[in-house]
Amino acid sequence: MNSLSYKAELFLLELRSAADQDYILARIAYRWQLDMQFVWLAHQAIEKYLKVLLIFNDRSAKRVGHNLREAWQRLTTVVDVPFRFPDLLPDFIGYLDARYDRYAERPYSVTLDRLVDLDAAVWHLRRFCCNLRGNSEPRLHITREDRKRLLAQLADQAYDSHPYRYILGGGYLEAVRQDHTSSLRAHLLWNNLYFSRRRRTSLKGRPNRAVNSLLVLYPEIVLELRDKLDFSAETRSRAKDAIRTQ
């Protein structure tokens, strides 16, 4: 039995909605070729989903920080939920961990495949991103049979071939999808194989782009600005190694 209070559960559902919003913004960033922001926002969304999943499944998210791989490893210890995550998910998590960036410190590349990977990752993580274990309120107690029925409903294999039919109760994305007046709806459904009802045989992307960081090309910049700007430990170490070998 999960010891969450009802108020804590509401907070986690609010955090899930924040992840949904990060996800839509990541799709907007991709569409408008704001590639560094796409990677950053995708990382933010996946981080929130993972942490909510961990806590809902009685695992700690403390000291995870922004390390998606650490959160993922902790989630793999949950064995009583049939997540059936796709093989692409750990690879995509590795990509985000290696490329997310706030200060243009890392090189990155963004392709249509990365957008599809993000859509798949979000759909599969959200699928069980709800409280399956009840909370401390007696009136909201979930019995073993209740949980068994809920898991069977969420894990229905029909959703695998028709993912748009899946509706997460109280989900922010579901509200956007159902609101035909929402300006966000078009951004959520555009080129989306998971949240759009439209059957697609091909996707229309935008030009692929790869960008190297000036801090990688010219590591001496790091040494020049290190007293004026806080670079990551990774960037400082990389710059020292590069200059040492010159």
Side-chain angles (χ1 to χ4, degrees), residues 1-29 37 39-83 85 89 92-93 96-97 100 102 118-144 146-151 153-155 166-179 182 184-185 187-188 194-195:
M1 178 75 172
N2 201 329
S3 59
L4 284 175
S5 68
Y6 179 57
K7 292 178 181 178
E9 180 179 347
L10 288 179
F11 167 75
L12 292 173
L13 294 177
E14 190 172 279
L15 190 58
R16 185 186 71 188
S17 293
D20 288 346
Q21 292 162 22
D22 286 339
Y23 167 54
I24 294 177
L25 284 171
R27 301 193 96 254
I28 293 172
Q37 287 73 20
V39 177
W40 170 254
L41 287 162
H43 188 281
Q44 289 289 293
I46 299 302
E47 178 185 329
K48 291 182 178 73
Y49 289 129
L50 286 170
K51 289 179 176 178
V52 172
L53 277 168
L54 284 171
I55 299 172
F56 270 149
N57 287 285
D58 202 23
R59 300 295 191 274
S60 173
K62 286 182 68 67
R63 290 182 292 277
V64 165
H66 303 302
N67 189 334
L68 299 187
R69 279 169 285 203
E70 174 62 27
W72 170 256
Q73 287 301 316
R74 295 187 190 187
L75 189 60
T76 61
T77 67
V78 178
V79 296
D80 60 344
V81 179
F83 291 123
F85 291 131
L89 191 48
F92 184 60
I93 283 173
L96 292 178
D97 263 347
Y100 87 99
R102 287 182 296 173
L118 173 62
D119 294 337
V122 168
W123 189 88
H124 283 90
L125 288 172
R126 286 181 87 252
R127 185 172 183 173
F128 294 93
C129 203
C130 55
N131 190 359
L132 299 169
R133 303 173 190 275
N135 58 42
S136 58
E137 300 290 334
R139 63 190 178 86
L140 293 171
H141 175 67
I142 295 179
T143 68
R144 182 174 299 179
D146 290 337
R147 183 169 181 270
K148 185 177 179 180
R149 283 193 295 270
L150 181 56
L151 278 173
Q153 177 185 341
L154 297 179
Y166 179 80
I167 297 176
L168 185 61
Y172 180 85
L173 296 185
E174 284 72 15
V176 169
R177 189 172 66 176
Q178 293 168 13
D179 183 1
S182 172
L184 297 176
R185 185 174 184 271
H187 295 295
L188 172 62
Y194 291 84
F195 291 94

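Bear in mind that the values here come from a model prediction, so they are computed numbers and not experimental data.
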Indicate yes or no for a side-chain donor-acceptor contact from Asp179 to the backbone of Ala175 under 3.5 Å, with no hydrogens or angles considered.
no
Measure the CG-OG distance between Leu188 and Ser182 for me, rounded to the nearest 0.5 Å.
8.5 Å
Which residues share a side-chain contact (heavy atoms from CB on, under 4.5 Å) with Ser17, sequence neighbours left out:
Gln21, Tyr172
With Ser60 via side-chain hydrogen bond (donor to acceptor under 3.5 Å, both in side chains) - residues at least two apart:
none
Residue list, side-chain contact (heavy atoms from CB on, under 4.5 Å) with Ala8, at least two apart or on another chain
Leu4, Ser5
Residue among Val78, Leu12, Val81, Leu132 satisfying side-chain contact (heavy atoms from CB on, under 4.5 Å) with Phe56:
Leu12
Under the side-chain contact (heavy atoms from CB on, under 4.5 Å) rule, collect the residues that match up with Phe85, sequence neighbours excluded.
Trp72, Leu75, Phe83, Leu89, His124, Leu125
Residues in salt bridge (charged side-chain N to carboxylate O under 4.0 Å, His left out) with Arg127, at least two apart?
Asp160
Could you note down all residue pairs passing salt bridge (charged side-chain N to carboxylate O under 4.0 Å, His left out) where residues 65-80 supplies at least one of them, sequence neighbours left out?
Arg69-Asp97, Glu70-Arg74, Asp80-Arg133, Asp80-Arg147
Under a 3.5 Å distance rule, please check whether His66 uses its side chain to pair with a backbone N or O of His43 as donor and acceptor.
no
ring-ring contact (aromatic ring centres under 6.0 Å, His included) filter on Tyr49, not counting sequence neighbours, yields none
Holding to side-chain hydrogen bond (donor to acceptor under 3.5 Å, both in side chains), I want the full list of residues that pass it with Arg126, two or more places apart in sequence or in another chain.
Asp20, Glu174
I'd like to check the side-chain contact (heavy atoms from CB on, under 4.5 Å) partners of Leu25; sequence neighbours left out, ordered by chain and number.
Ile28, Leu41
Where the side chain of Lys51 meets the backbone of Gly65, is there a donor-acceptor pair that is under 3.5 Å apart?
yes
Check whether Arg16 reaches the backbone of Cys129 with its side chain - one donor and one acceptor, N or O, closer than 3.5 Å.
yes
Arg59: side-chain hydrogen bond (donor to acceptor under 3.5 Å, both in side chains) partners, not counting sequence neighbours
Thr77
Contact check, side chains of Tyr23 and Leu118, non-hydrogen atoms, under 4.5 Å
yes
By side-chain hydrogen bond (donor to acceptor under 3.5 Å, both in side chains), Asp22 pairs with (sequence neighbours left out) Lys48
Any Glu47 side-chain heavy atom under 4.5 Å of Val64 side chain
no
Kindly compute the distance separating CG (Leu173) from CD (Gln178), expressed to the nearest 0.5 Å.
11.0 Å
